Each structure stands twice: as C-alpha cells, then as structure tokens.
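Letters A, B, ... mirror the listed sequences (proteins, then strands); counts begin at 1. Here the structure is a predicted model, which is why all the values come from computation and not from measurement.
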Amino acid sequence: METNLKDVNELIKRRYEELNELNEKGFQPYAYSFDVDSDSEDIKDNYKEDEKRNVKIAGRIMAIRRMGKASFAHILDHKGRIQMYLRKDEIGDQYAAFKLMDIGDIVGIEGYIFKTKTGETSVHVTSLELLSKSLRPLPIAKEATDEDGNKIIYDQFTDKELRYRQRYVDLIVNPEVKNTFVYRSKIITALRNYLDAQDYIEVETPILQPLYGGAAAKPFITHHNSLNIDLYLRIADELYLKRLIVGGFNGVYEISKDFRNEGMDRTHNPEFTMMELYVPYKDYEWMMEFVEKMTTHVCKSVFQTLEFYYEGNQIDFKTPWKRISFVEAIKDKTGVDVLNATDDELKGLAKNLGVDISAAEGKAKLIDEIFGAAIEPELIQPTFVIDYPLILSPLAKKHRSKEGLVERFEAYVAGREICNAFSELNDPIDQRIRFEDQVKLRDAGDEEAHQVDEDFLRALEYGFPPTAGLGVGIDRLVMLLTNQTSIRDVIFFPQMKPEA
RNA sequence: GGGCGCGUAGCUCAGUGGUAGAGCAUCUGCCUUUUAAGCAGAGGGUCGGUGGUUCGAGACCACCCGCGCUCACCA
C-alpha cells in the first residue's frame with residue numbers, strides 16, 4: 001500500500017490495509033448516498049414495545065463491542081448516539097465487512113428497533129453499508145454512567161490546541177461543543193427574525209475599505225493589485241450603514257465580520273462578528289427600549305428563559321434594565337467629576353484605582369480607563385450606562401441638555417459591555433469638527449483615532465435624518481448566553497499561530 | 001509584548017540524572033443481548049525542536065517553536 005502521508009503510524013497503516021481488503025472483497029468504502037428515514041433521537045423518543053419499526057439511519061461508529069459472531073456498536077448521527085446490534089447469522093458477508101470497520105467509520109444501517117436486556121433502545125441491523133472509511137484514529141473517549149445516572153467520560157479529548165486546530169474532531173468527540181454552536185446559530189437567527197419583523201432590511205457593505213472608521217481600533221491592511229492601492233479590512237460597518245440611511249432606507253442592519261489588528265485573548269479574536277442597526281427618526285432613548293425588547297425576544301425564543309448563569313453570577317434580563325449615568329456613576333463612586341477634573345486629578349484617580357496610566361495618554365482614554373476600573377466590574381445585572389463624555393464619542397450626537405456629553409449608552413451584563421448605541425451625529429458641520437479633533441489626537445500619537453472620511457461628510461451634507469444606531473458584539477453575547485468564558489469556544493476556527 | 005505554567009504512545013496521564021511506563025485505543029485468539037463488555041497474549045515512542053552540562057539527559061541549563069492562564073491594549 002502506498003500513501004503520501006508522512007506521519008503514517010501503525011494505526012493509520014492498519015486502516016489503509018483494511019481499506020484495501022474491503023476493496024478486494026468488493027465493498028465500496030466510499031459510497032455516493034444513503035437514504036435516511038430516521039435519526040437517533042427519533043428512535044429513542046418513539047420506541048414502542050409492541051412494534052418492530054424498521055428504520056434507516058446513518059452515522060459515525062463511536063464504540064464497538066465485538067463478541068465473536070455478534071457485535072454491538074454505537075453510532076453517532078447529527079442528533080446523538082444510538083446502539084446497533086449485528087449478528088453474523090443474519091447479515092453474512094456484511095459481518096465480514098464489519099470486521100474491517102473501525103471507530104470513526106461512517107456507516108448506513110437498516111434494521112428494526114428493539115430494547116436490549118439492559119434496557120437500551122437499539123437497532124437490530126438487517127443491513128449494514130460502509131459509507132466512508134476513516135483513515136485516522138479519533139481521540140475517542142469512553143463513556144459510562146455511574147450509579148446516580150451521571151455520565152462519566154474517560155480520556156476525554158481536552159487538548160485545547162488540537163481542539164481548535166482540528167475543530168472537526170472536537171465536534172465529533174465533544175458533543176457539548178456542537179451544542180454551543182447550535183445555540184450561536186439560533187441566537188443569530190432570533191436576532192435576524194426580530195429585526196426582519198420590524199421591517200428593517202439586512203444589507204451588505206464593503207469589507208475592503210479605502211478608509212476605516214466607525215470605531216477606535218487598528219486595522220488590517222491589504223493590497224489591491226490592479227488598482228495598486230492599499231485597502232483596510234473594516235473595523236466597523238457604521239459609516240457605510242449611515243450612508244444608506246442618507247439614501248432613504250427605513251432601518252438597515254448588517255450582521256458581519258469586522259477585523260481589528262490588536263491583541264488576542266479570551267475576549268478578543270482578530271475577526272469577530274458584529275450586528276449593527278440604524279433606524280431613522282429615532283433617538284437613543286428609543287433604542288434602549290428596543291434593546292430590551294430585542295434581548296427579551298432572543299432569550300425567550302432560544303432559551304425559553306430570561307435567567308442565565310454566567311461566571312458565578314445569576315443574571316436576570318427582566319425589563320426595564322437599570323440605568324446609570326456615566327459621569328454620575330464615577331462621581332458617586334470616587335467623588336471625582338471627570339468632566340471638570342484636571343488631567344492631574346484624573347491621573348491621580350486612575351493611579352488610585354490601579355490603572356496603568358502610562359498606556360492611557362489622552363484624557364479620553366484616561367476617563368475610559370477610570371470607568372473600566374471603578375464601575376464596570378459592578379455592573380452584573382443588565383444595566384444601561386448613559387450619557388458619555390463627548391470626547392469619547394466622535395460619532396455621537398451632543399446631548400440635548402447636558403453640556404459636554406453625548407446621547408450614548410452601553411449595556412453592561414456580568415461586568416461586560418454587550419452593546420453600544422447612540423443618537424447618531426447628523427450635523428455635518430459638527431461631524432467635521434469631531435473628525436478634526438480626532439486628527440489632532442492622531443497627530444499626538446493616538447493610532448486608533450479616526451481618519452477624516454470626506455465622502456461620509458459629503459453624505460451628511462446631503463441631509464442625514466436623526467437616527468438611532470446600535471452595535472452588538474455577537475460573539476460576546478453568545479458567550480454570555482451559553483456560559484462560555486473564552487471567545488475561542490464560540491468561534492469555530494479561532495485565530496491560531498501556524499502549526500510548526 | 002510582559003509574567004506564570006504546560007508540551008512523554010492515537011487519547012488521558014505517570015515518570016526529577018542510570019534499560020521509556022499505565023489505562024483506554026490498536027493487533028492476534030476465544031466469545032450470538034454487550035455497554036469503560038470480558039479473558040489470554042502482542043505490537044506501538046524523533047519524550048515539541050536545536051544546542052549545551054554530564055560517564056550517562058524524558059528529567060538539569062540556554063535558545064527556539066506551539067498552547068493555556070494572566071497583565072497590558074481593545075469589542
């Protein structure tokens with residue numbers, strides 16, 4: 001047997017030999033199709049003692065117990081595991097073929113449902129077909145059930161590096177991983193359904209952008225060959241979606257990947273999923289209620305509850321959520337009015353809070369750091385933090401009555417931000433001033449300050465209706481609702497360094 | 001990027017200077033309701049990599065690679 005596999009070991013070599021033997025005996029090891037008419041869950045849920053219902057199912061062999069002329073095996077399909085029972089005297093040649101099958105092989109079976117002596121609902125196989133021969137050994141774990149009915153898993157595949165690099169294997173052998181991703185999908189579907197039901201339309205805007213904006217972040221840079229220009233991978237969708245509101249849409253949203261060229265840790269992946277929504281003629285007050293209603297819809301439709309458990313905290317999403325003022329919250333906690341404090345006072349406060357102030361150069365960042373250290377960790381139950389300092393928010397509209405503030409809110413849950421929203425700045429003259437202030441910050445060394453987007457300003461100059469805008473970090477929302485502590489556990493293929 | 005930790009068989013892990021181990025998985029034999037099936041036997045290793053110390057290194061030292069946790073930055 002020839003193979004190109006460099007790392008052929010005994011186990012893999014053995015499987016190639018079996019593959020050959022199957023071919024020689026006339027068993028096609030890679031089938032074209034198999035008609036399935038049931039699944040493991042249906043079989044277990046709908047077993048009736050007095051009926052030998054016939055079923056056809058397909059799945060991956062996960063455990064084999066051979067006893068000479070009869071065998072038991074478990075197969076895993078998209079719903080779970082089911083046991084099958086095979087007898088040589090009933091399936092003849094196919095039993096010989098089964099001897100050449102392994103854990104990991106994908107098979108199609110036909111048979112009737114029965115219960116074993118020990119009470120496990122199983123399929124008594126009348127026909128067995130190999131659908132795909134597996135050539136690599138799975139990191140298979142064994143399962144048992146203890147006296148109290150708890151599942152015990154032996155030698156579970158736990159190596160995080162391998163699990164992330166070979167997610168396909170992780171998904172096969174760690175069923176709860178699949179669960180989390182099914183929830184992720186359902187959460188996004190629920191969001192989309194809710195937005196569609198309000199008649200907001202889902203749109204697509206450029207990922208490759210000549211200028212980047214809509215957030216404070218460092219971009220990835222790429223190059224277009226025939227135009228011979230550098231382009232940025234978007235860090236946010238905001239500025240393009242607002243152009244569409246200028247264009248006259250009555251509410252647009254986009255669920256998409258954004259890219260930020262920054263550090264990676266358990267809450268940051270270089271590419272991540274954002275949902276942004278813009279609704280004309282509304283303000284941030286309206287948007288707060290919208291966020292409450294949308295979150296309620298997602299929680300109830302996906303999880304049938306508003307109560308969640310996350311990192312040791314019981315979270316209750318019942319509305320209305322608490323609202324606190326950004327500036328007042330800091331003042332109440334520390335006695336310092338960040339709006340009127342001098343730079344030295346802010347630095348002193350930051351130092352007292354244990355903030356590393358060498359990294360936070362500007363006043364805006366200093367204030368942000370202070371909030372992060374003093375207030376954020378206490379925001380366990382859903383809380384709207386409202387009315388941010390203007391200098392933190394170059395795209396938000398000035399507060400209608402409070403000097404130095406903008407109409408902006410972030411919702412916090414379990415000490416983490418889950419969304420960011422504001423009454424959008426629709427005054428093109430003010431927007432230009434804000435951009436110019438950003439340029440000053442950039443010139444002063446703030447790499448994450450905005451660039452001036454002249455086309456965006458031109459769009460505003462045509463007339464941008466008053467608009468409420470919202471951004472939701474989908475990965476973090478999924479983490480919260482599925483009780484995952486690492487973003488890598490809610491992204492199928494998290495960014496990794498190349499394999500050595 | 002800094003700090004701490006980890007990397008030994010397909011998987012989970014022992015092994016702190018003297019012949020590379022265990023359980024599961026794999027292979028051979030027996031076994032027609034088993035279920036971590038069982039019984040008897042067998043094979044399987046570039047101990048992440050490269051240098052060094054030593055009579056002798058999986059272990060000690062240096063550097064490198066990868067991963068995890070954490071701090072910094074951010075969402």
Side-chain angles (χ1 to χ4, degrees), chain A residues 7-15 17-18 62-74 81 83-91 95 102-104 114-120 122 124 134-146 151-165 169 173 214-218 235-236 258-274 354-361 365 368-369 372 410 416-420 446-448 471-477 479 485-488 494 496-500:
Chain A
D7 54 351
V8 168
N9 64 26
E10 200 70 18
L11 299 174
I12 293 176
K13 196 181 286 176
R14 171 66 198 165
R15 286 173 181 235
E17 286 163 7
E18 285 169 346
M62 297 300 283
I64 303 178
R65 291 175 292 282
R66 301 181 200 272
M67 296 171 302
K69 298 183 184 65
S71 296
F72 287 91
H74 273 100
R81 288 182 183 224
Q83 183 171 254
M84 60 177 181
Y85 176 55
L86 309 99
R87 295 170 62 119
K88 187 180 181 185
D89 58 1
E90 291 171 344
I91 59 172
Y95 198 84
D102 289 294
I103 289 171
F114 77 111
K115 264 199 183 174
T116 62
K117 277 181 186 169
T118 49
E120 180 167 352
S122 310
H124 192 127
S134 168
L135 297 173
R136 284 179 181 271
L138 280 175
I140 198 70
K142 285 210 169 191
E143 289 182 13
T145 308
D146 71 12
K151 189 188 275 185
I152 308 167
I153 299 176
Y154 298 89
D155 302 334
Q156 185 162 33
F157 182 50
T158 54
D159 185 313
K160 288 210 168 163
E161 178 175 1
L162 286 176
R163 289 179 52 208
Y164 296 145
R165 288 193 195 281
V169 173
V173 302
K218 291 172 203 147
I235 60 171
D258 289 347
F259 307 85
R260 297 190 185 173
N261 204 343
E262 289 161 355
M264 294 158 54
D265 60 32
R266 72 178 212 282
T267 58
H268 297 83
N269 195 62
E271 58 181 285
F272 62 102
T273 303
M274 281 279 285
V355 175
D356 177 7
I357 55 174
S358 61
E361 316 91 359
K365 279 195 174 169
D368 209 16
E369 291 284 331
E410 292 190 353
R416 294 159 181 234
E417 179 200 330
I418 59 161
C419 71
N420 182 20
D446 184 352
E447 286 181 80
E448 295 181 351
V472 179
I474 298 296
D475 312 280
R476 290 182 178 182
L477 179 66
M479 285 168 66
T485 55
S486 172
I487 199 168
R488 295 188 186 99
M496 304 281 280
K497 289 191 187 178
E499 279 183 77

How would you list, by chain and number, every residue that makes a salt bridge (Lys or Arg N to Asp or Glu O under 4.0 Å) with [X], sequence neighbours excluded?
{"X": "Glu161(A)", "value": "Arg165(A)"}
{"X": "Arg266(A)", "value": "Glu311(A)"}
{"X": "Lys151(A)", "value": "Glu143(A)"}

Roughly how many Å is it from OH in Tyr154(A) to C1' in U12(B), rounded to a whole number?
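Distance, rounded to whole Å: 13 Å.
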Take atom CE of Met264(A) and atom C1' of C67(B), then tell me their distance rounded to the nearest Å.
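Rounded to the whole Å, the gap is 11 Å.
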At under 4.0 Å, does any side-chain N or O of [X] touch on OP1 or OP2 of [N]?
{"X": "Asn9(A)", "N": "G10(B)", "result": "yes"}
{"X": "Thr158(A)", "N": "U12(B)", "result": "yes"}
{"X": "Arg65(A)", "N": "U34(B)", "result": "no"}
{"X": "Arg488(A)", "N": "C69(B)", "result": "yes"}
{"X": "Arg165(A)", "N": "C67(B)", "result": "yes"}

What nitrogen or oxygen pairs link the protein and nucleotides 20-26 of chain B at under 3.5 Å?
| from | atom 1 | to | atom 2 | distance (Å) |
| --- | --- | --- | --- | --- |
| G23(B) | N2 | Asp155(A) | OD1 | 3.1 |
| G23(B) | N2 | Asp155(A) | OD2 | 2.7 |
| C24(B) | O3' | Lys142(A) | NZ | 3.1 |
| A25(B) | OP1 | Lys142(A) | NZ | 2.3 |

In whole Å, measure the gap between the C1' atoms of C64(B) and C24(B) for me.
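Pairwise C1' distance, C64(B) against C24(B), rounds to 34 Å.
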Return the set of residues passing ring pair (Phe, Tyr, Trp, His ring centres under 6.0 Å) with Tyr95(A) (not counting sequence neighbours), or none when no residue passes.
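Partners of Tyr95(A) by the ring pair (Phe, Tyr, Trp, His ring centres under 6.0 Å) criterion come out as none, since no residue qualifies.
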Kindly write out the residues that satisfy side chain to side chain donor-acceptor pair (under 3.5 Å) with Arg81(A), not counting sequence neighbours, or none if the list is empty.
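Per chain and number, Arg81(A) pairs via side chain to side chain donor-acceptor pair (under 3.5 Å) with no residue.
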Taking any strand in view, what nucleotide pairs with C13(B) in a Watson-Crick or G-U wobble way, both distances under 3.5 Å?
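WC or wobble partner is G21(B).
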